[in-house]
There are 2 protein chains.
Amino acid sequence: MLNYQAPLDLAFQALSDPTRRIMVERLARGPASVSELARPLAMTLSAVVQHLGVLEASGLVRSQKVGRVRTCRIEPKALTAAERWIAERRANWDRRLDALGAYLDETEPQPKSRRKS
Amino acid sequence: MLNYQAPLDLAFQALSDPTRRIMVERLARGPASVSELARPLAMTLSAVVQHLGVLEASGLVRSQKVGRVRTCRIEPKALTAAERWIAERRANWDRRLDALGAYLDETEPQPKSRRKS
DNA sequence: CTGATAGTTAAGCATTAACTTAAGTATAGA
DNA sequence: TCTATACTTAAGTTAATGCTTAACTATCAG
């Protein structure tokens, strides 16, 4: 009924493939052409282009063609969005643990003894 | 030939599904039973159990059964691993941009004029 | 013991993903 | 202009995903 794919779906999905992570890793060191991206990969150029399509659809990578070469570069904003989602959950969890710790300290101030009061 | 799934594959893959992100989000607020996880989700318990399977396989969630209820909790370490991968790529990219900026400043120290010297 | 609760497991099914091969289309350079 | 380069696009194949239904197995409570 609702066919909209949240940005995070696409970003995490894109990052879940090792080939695509290698591509992102390469692009983090600077822009590259499609052939350059393909060079270290054990698959056809065609397949690489398709991976690139996934990366672009996710917003993690942009590219532009000039002459016959397409130059790709990373889009750090999309990367940040994914990073932040994780960071927020983890922060939430850590905060909860801290609160729990404080509560335990309060109800049972003894340093290291007695299972039950 | 190599059938090993890197931890990151599994973690990102797990996070790419909105249902599973809702589950993680819930668990970030504290442990929960399978039924509790299922309550807000528009699908059968069976499906939820399968999603939980994916989350556990990825290491993002652990669970233990006591009596007839299975209690699930987040595993922050796995979350951190994914977060760090992204952070490192982004940092790499930012560092590169900084270096590029410095280089440009050096070769063309004029504050805001002249497209070409 | 009996029923309700909490979860498990196995099929089955429709969709999407990750490739491959094959056949194009534009440049760029000699 | 001819040829190699750098992609592009379209099928087609195989496997993995995200569900569902259905049938089962343990608790727990009365």
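The chains referred to below are lettered A, B, ... by the order of the sequence lines, with proteins before strands, and numbering in each begins at 1.
Put simply, Thr44(B) has a side-chain N or O that comes within less than 4.0 Å of OP1 or OP2 on dT20(D). When the side-chain nitrogen and oxygen atoms of Arg70(A) are compared with OP1 and OP2 of dT8(D), one or more of them lie within a distance under 4.0 Å. For dG18(D), the OP1/OP2 oxygens have a side-chain nitrogen or oxygen of Arg20(B) closer than 4.0 Å. An OP1 or OP2 oxygen of dA6(D) is reached within less than 4.0 angstrom by no side-chain nitrogen or oxygen of Lys65(A).
With a 4.5 Å cut-off on side-chain heavy atoms, Phe12(B) and Gln13(A) do not count as touching. Put simply, the side chain of Lys65(A) does not reach to within 4.5 Å of the side chain of Thr71(A), judged on heavy atoms.
Which of dC19(C), dA10(C), dT8(D) sits closest to the side chain of His51(A) comes down to dC19(C).
Across all strands, Glu36(B) comes closer than 4.0 Å to no nucleic acid atom at all (heavy-atom distances). When heavy atoms are screened at a 4.0 angstrom cut-off, Ser33(B) is found touching the sugar-phosphate backbone but no base atom. If you check every strand for non-hydrogen atoms under 4.0 Å, Ser35(A) touches sugar and phosphate atoms only.
One distance of note links CG of Leu41(A) with CZ of Arg26(A); it measures 11.5 Å at 0.5 Å rounding. Rounding to the nearest 0.5 Å gives a distance of 7.5 Å between CZ of Arg21(A) and CG of Asp17(A).
When rounded to the nearest whole Å, the span between CZ of Arg39(B) and C1' of dA6(C) equals 12 Å. Between the CG atom of Leu45(B) and the P atom of dT8(C) there is a distance of 9 Å, rounded to whole Å. Distance, Arg68(A) CZ to dT27(C) P: 10 Å, rounded to whole Å. For the pair Leu41(A) CG and dC7(D) P, the interatomic distance rounds to 14 Å; values are reported in whole Å. Rounded to an integer number of Å, the gap from Met43(A) CE to dA18(C) C1' is 8 Å. Rounded to whole Å, atom C1' of dT16(C) lies 20 Å from atom CZ of Phe12(A). The distance between atom CD of Gln64(A) and atom P of dA26(C), rounded to the nearest whole Å, is 20 Å. In this structure, Asp17(B) atom CG and dA16(D) atom P are separated by 18 Å, rounded to whole Å.
When each of Leu52(A) and Gln50(B) is assigned the nucleotide of DNA chain D with its nearest heavy atom, Leu52(A) is the one assigned upstream, toward the 5' end. Along DNA chain C, the nucleotide nearest to Val49(B) and the one nearest to Gln13(A) differ in position, and the one closer to the 5' end is contacted by Val49(B).
Arg96(B) forms a cation-pi arrangement with Trp93(B), by the criterion of a distance under 6.0 Å to the ring centre and an angle within 45° of the ring axis.
Within 3.5 Å, no donor on the side chain of Ser46(B) pairs with an acceptor on the base of dT8(C), nor the reverse.
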